[in-house]
Number of protein chains: 4
Amino acid sequence: MTRIAILGASGYTAIELIKILLNHPHAELVAATSRQEGAPPLSSVHPSLYGRTNLRCEDLTPAEVAQRADVVFGCLPHGASMAAVPTLLEAGCRVVDLSADYRLHDPDVYSEWYGLAHTDVERMKTSIYGLPELYADQIRGAKFVANPGCYTSTSILALTPLLVYKLAEPKGIIIDAKSGTSGAGRSPKLGTLYCEVNESFSAYSVGKHRHTPEIEQVLSDRAGQPVEVLFTPHLVPMERGILATIYATPTGPVTEKELLKIYRDFYADKPFVRIVDHLPATKDSAHTNFCDITLRIVRGKILIIACLDNLIKGASGVAVQNFNLMYGYPETLGLLPQPA
Amino acid sequence: MTRIAILGASGYTAIELIKILLNHPHAELVAATSRQEGAPPLSSVHPSLYGRTNLRCEDLTPAEVAQRADVVFGCLPHGASMAAVPTLLEAGCRVVDLSADYRLHDPDVYSEWYGLAHTDVERMKTSIYGLPELYADQIRGAKFVANPGCYTSTSILALTPLLVYKLAEPKGIIIDAKSGTSGAGRSPKLGTLYCEVNESFSAYSVGKHRHTPEIEQVLSDRAGQPVEVLFTPHLVPMERGILATIYATPTGPVTEKELLKIYRDFYADKPFVRIVDHLPATKDSAHTNFCDITLRIVRGKILIIACLDNLIKGASGVAVQNFNLMYGYPETLGLLPQPA
Amino acid sequence: MTRIAILGASGYTAIELIKILLNHPHAELVAATSRQEGAPPLSSVHPSLYGRTNLRCEDLTPAEVAQRADVVFGCLPHGASMAAVPTLLEAGCRVVDLSADYRLHDPDVYSEWYGLAHTDVERMKTSIYGLPELYADQIRGAKFVANPGCYTSTSILALTPLLVYKLAEPKGIIIDAKSGTSGAGRSPKLGTLYCEVNESFSAYSVGKHRHTPEIEQVLSDRAGQPVEVLFTPHLVPMERGILATIYATPTGPVTEKELLKIYRDFYADKPFVRIVDHLPATKDSAHTNFCDITLRIVRGKILIIACLDNLIKGASGVAVQNFNLMYGYPETLGLLPQPA
Amino acid sequence: MTRIAILGASGYTAIELIKILLNHPHAELVAATSRQEGAPPLSSVHPSLYGRTNLRCEDLTPAEVAQRADVVFGCLPHGASMAAVPTLLEAGCRVVDLSADYRLHDPDVYSEWYGLAHTDVERMKTSIYGLPELYADQIRGAKFVANPGCYTSTSILALTPLLVYKLAEPKGIIIDAKSGTSGAGRSPKLGTLYCEVNESFSAYSVGKHRHTPEIEQVLSDRAGQPVEVLFTPHLVPMERGILATIYATPTGPVTEKELLKIYRDFYADKPFVRIVDHLPATKDSAHTNFCDITLRIVRGKILIIACLDNLIKGASGVAVQNFNLMYGYPETLGLLPQPA
């Protein structure tokens, strides 16, 4: 059994992670941290856990965490994460960091988009990007992985084959993305109140969303040339799920059938990417680690539709996928039924 | 035109009130208060008002408000309201108070349920309860009216005829009530976040909800004997609407048909109470000032189902109904189409 | 009073229309048709109307309708509408047709997108397109108006100033549109069941939606040159509201500030178009006849966000706006408070 | 591996069952039936299954099913189920019937509430009621089990300890129950359209719901005396989850603390019943096989709140629990993590 600690255990990402790990045959949850006073039972913070764990939400230092755990899943906000990660790694823990702190490799880009200076620059520059469909070789056996953003994974999985095979122009790509509300976190804010979100749909952070440089960094790396996207996020009155509608300009003649085949081949041995013929709905992949993708040619553009569960494939599920690769477990363990 | 000020203009009750008053031919909105800094336009606090009003949310004292307005609608929290009302009334304003501060007549009951001592005891003891279907004679021409609670109006309108005619036992009445989320207000709290409310249903404040003594006070007054209710509120994953399912014990044999007739007669000249044969849904009265009621006999009990829009008939609509009566306008002005 | 009949009174568009007309000082509802047996009360088909109208849903022929009414609002499906309209007009009625039958002017385009031959070709070729912000001069005093589609109005209002002033390329425009579920109608279908729509988001009719040629026809007319759009509709788990996120390529340098000013000037005397600085949400215009629009420059593209209530400004509200213009009433009558 | 067939595979109960069984180490899905033409892939009927099963929806006779499967889960409507069950059992299959056909033991009660004569009377009279918390001894090793209704399980689990220990009067019990919309099935009907259910709450089938006699039959059996309930179901604008608020009259003095202890003892070795101190929300048990229960004393009444996921613990989860008991597998297999 691998002993696991979760930092920042009170949010929506953490509860999904805990539920997956409770079903994982090699995972033993040994610590959960949060800044709540009095070390309340985890099941009082997340009532769905009643009777399923005896863990408490403790206010532990990274050093204390490192004494108990082999691997740490960091669900802290950006900024807080880079304050904790160095101690954990130096103490010998492995870390899957679900924050944004180590996803970007350029400290200037980080400070431009996140508004603060990075304090662990050398590590960020060489961090491993935890999208197993693209970086499994690096993740396998790694000590430290930067888990990707939810919009980011959706967009990258949708666009990579197109750009790798130079089937679309790397500039002028439009990503019109829509997310459920859990992506905004569990801290009470006016904008995420039920009565504000319900029966409403809106765009937000137009031209300014922090997943933009992350998408561009990874796609540029995969494409071998600079990729530029116009990324527009929207808030959907639902809890979970992201759908991205992506518009790209083909570099030459191509059919839908060819595109679907190219994508199926590209993701042939990737158990969590489903290339589908129909138009997928977010509900189809809700509560799973799947990413559903389809493609169309419309009025001369390549239109890609990709969706996934932002809390699972967009955060906690992919974190467990990374954990499995880091420890040499089957990639799907805890996420899909295992062959008998 | 009557000059109107609204205290506490940033919440869900206030925005509904403002929208009704913008359509009211004798209302002129002259002031809106809130504690927000910098006197932001009302339309930045409530974007739906864009282009419909030039009012700002000002941080005005009651005395300043009184200089501008003829009548004040108080949408302040309890406690804050009783700190403002005396000044307003002494300065000559009329007041419709939507808080709970003046609904109860017994200061001990108030302090028991609200956890603070009342500071305007004489006025609370003799305040007029603003449920026009029962107290129109007192409301007509009044200077000051205590606007009822939302669960309260639903329950009282549903039970009054039964108790007035002694058709049901005054003890052991069960009110199982369900409310949309707007009743919990617009201040950010964990419990009213979209991701907590959505796809969930729960009871809350069991045995402790503050509308209990209010329901009992008014029903006892109407029945001429002490009435006791067991009131259980629930939170529904929707924005607006209250439905109460009420179980009462008949004092003697009675049929559904008789009950429906008694209710139709009782509310014959009340334009906002609809006695219906079918089982009403909250959607039927949403965005209106109607209260829909039906009755059934099931297994020896009288079952009453009543519903209304908690923000309109349960708060702002009835406030305008009270305003109309106070000023001698037609009761339905601003709330229903007027005869040509 | 103008005597009004509504054809196809059982759907979501009809109920909104009825509610608006009940508040309209010059409207008298005299007939409502539907194919339901036994002429049920309109209030049993729409329980929210209980006590507000004595109309029944009658199965009347166009000729019978014409005997009772001065003006007919047609809420029939396409195909059915063109079977009824000629009779009504020949009998002297005025007609606002909310179906798609008379919006397009080219019968071949109609049969290509709607899959049936038009049976009233001469009338369709010269029909007046009922978008008052663009065609008020033609609508004023007209006998017959083809009421626009919901996605269509959103898209056209958002793009017209840009194209009229040749600020954007007329080709390659991307309209990524999102609609609430009421747009799909009230006939029971698997795809619009609560449990299918709730907590889900998906694209549909990609590359095939029938509002595409309508958008292009009107924009081409306004631009004076052929306009081509890539239109992608999505279904949002909400009841009402459309938001379109539109991407266009500027023909030359332009700032957000300039664009907002151009739009404000263009719509200066249009009471139902609100050019806003913030990012509008569908909730802001829900239950109103407003269309909210803003613009941004992002990565070299002009990004327009426009939203409206698909049932009101996208259907029934604009129908009443058209009715007002046809009869010479103030354009906002029944839709906005009138000056004292 | 146990070979499993599912009859009536296109609905919401079936899809949940399939998902559980795909994770069950001893289950092999070998057939799925529905009346759809052309034997479409199961994944086209339920897109969430894409890539997870190769099964098709075949229109098989019971005899054909019996040739392939060891055990059959029947998800057919009542009436259809009793037409298929005898053949299956005679052919040697075991059956878990999720319909209402074999839950009641009295054919007259069946025909009174379901409006048709039972055609397999002897079997219904002696059928085993598949609520494992109460009837595990009979279910263990059984060939045929009648799976309980969703409201029924909620109500029975909530009331049984109270009635077994004669802590409450067996008459006059009020069950005010609220259900998500999936309980109404996947056949398109006006009443379950998104736009009808969303933002609405209503009671239905007042005094007439078919789960009433089922609740009374089982509780009377457990209590050893006739139990009478007044059962009122309501429709909640959510997808899954049932919460019952139950009011009973204590037979003598009792405290909340005593009641909670009695319940904890009664369900001590039942892994799926959680007696909680807090007020449970349906979300806490959503997507699980748990039933959460708490109790309060309010104004002299015992108030019980119980909730569960109507599709899991209320249908498919308990069906798998029954399957486990029938085959001697651990009761929690496929439903909870197993000890290492």
Side-chain angles (χ1 to χ4, degrees), chain B residues 171-180 191 195-208 212 228-247 249 256 278-287 292 294-301 303 305 307, chain D residues 171-180 191 195-208 212 228-247 249 256 278-287 292 294-301 303 305 307:
Chain B
K171 303 286 168 76
I173 295 167
I174 290 171
I175 303 174
D176 193 279
K178 300 88 174 175
S179 173
C195 292
E196 306 288 318
V197 172
N198 181 51
E199 277 290 297
S200 200
F201 184 91
S202 59
Y204 66 98
S205 299
V206 172
K208 300 172 192 165
T212 309
E228 260 184 41
V229 303
L230 194 177
F231 172 68
T232 312
H234 300 77
L235 185 66
V236 185
M238 63 184 186
E239 206 165 318
R240 53 170 78 204
I242 281 180
L243 185 143
T245 312
I246 301 176
Y247 303 89
T249 307
E256 281 177 14
H278 60 272
L279 296 171
T282 59
K283 190 186 274 286
D284 304 340
S285 50
H287 299 276
D292 289 348
T294 197
L295 299 105
R296 296 289 184 276
I297 307 283
V298 185
R299 303 226 158 178
K301 290 276 182 187
L303 194 156
I305 291 173
C307 55
Chain D
K171 303 284 168 77
I173 295 167
I174 290 170
I175 303 174
D176 194 279
K178 302 88 174 174
S179 174
C195 294
E196 305 289 318
V197 172
N198 180 51
E199 276 291 297
S200 199
F201 185 92
S202 59
Y204 67 97
S205 298
V206 172
K208 299 172 194 164
T212 309
E228 259 184 41
V229 303
L230 193 177
F231 173 68
T232 312
H234 300 76
L235 187 65
V236 186
M238 64 184 184
E239 207 165 319
R240 55 170 76 205
I242 281 181
L243 186 143
T245 312
I246 302 176
Y247 304 88
T249 307
E256 282 178 12
H278 61 272
L279 296 170
T282 60
K283 190 186 275 286
D284 304 341
S285 50
H287 299 278
D292 290 347
T294 197
L295 300 105
R296 296 287 184 277
I297 307 284
V298 185
R299 302 223 159 182
K301 290 277 182 188
L303 194 155
I305 292 173
C307 54

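Numbers restart at 1 for each chain; the letters A, B, ... are given by sequence-line order, proteins then strands. Quantities reported herein were computed from a predicted structural model and do not represent experimental measurements.
- Considering all non-hydrogen atoms of both residues, D:G207 and B:V298 come closest at CA-CG1, 3.7 Å.
- Contact count versus chain B (heavy atoms, under 4.5 Å) is highest, among D:A281, D:S200, D:P237, for D:S200.
- The choice from B:A203, B:G300, B:G241 that makes the most heavy-atom pairs within less than 4.5 Å of chain D is B:A203.
- Judged purely by distance below 3.5 Å, without hydrogens or angles, the side chains of D:T249 and D:K171 never pair a donor atom with an acceptor atom.
- Interface check for chain D: of the options B:H234, B:K208, B:E228, the most heavy-atom pairs under 4.5 Å are formed by B:H234.
- Per-residue counts of heavy-atom pairs under 4.5 Å with chain B were compared for D:V236, D:D284, D:I242; the largest is that of D:V236.
- Note: D:F231 CZ to D:D176 CG = 9.0 Å, rounded to the nearest 0.5 Å.
- Neither the backbone nor the side chain of D:I297 comes within contact range of chain B; no heavy atoms are under 4.5 Å apart.
- Ranked by heavy-atom pairs under 4.5 Å with chain B, the list D:K178, D:E239, D:E196 is led by D:K178.
- Side-chain atoms of D:L230 and D:T232, non-hydrogen and from C-beta on, do get closer than 4.5 Å to each other.
- A heavy-atom distance below 4.5 Å is not found between the side chains of D:R296 and D:I305.
- Interface remark: B:T212 contributes side-chain atoms only to the contact with chain D (heavy atom separation under 4.5 Å).
- If you measure heavy-atom distances from B:L235 to chain D, you find no contacts under 4.5 Å at all.
- D:H278 has its side chain out of reach of D:T294: every pair of non-hydrogen atoms, C-beta onward, lies at least 4.5 Å apart.
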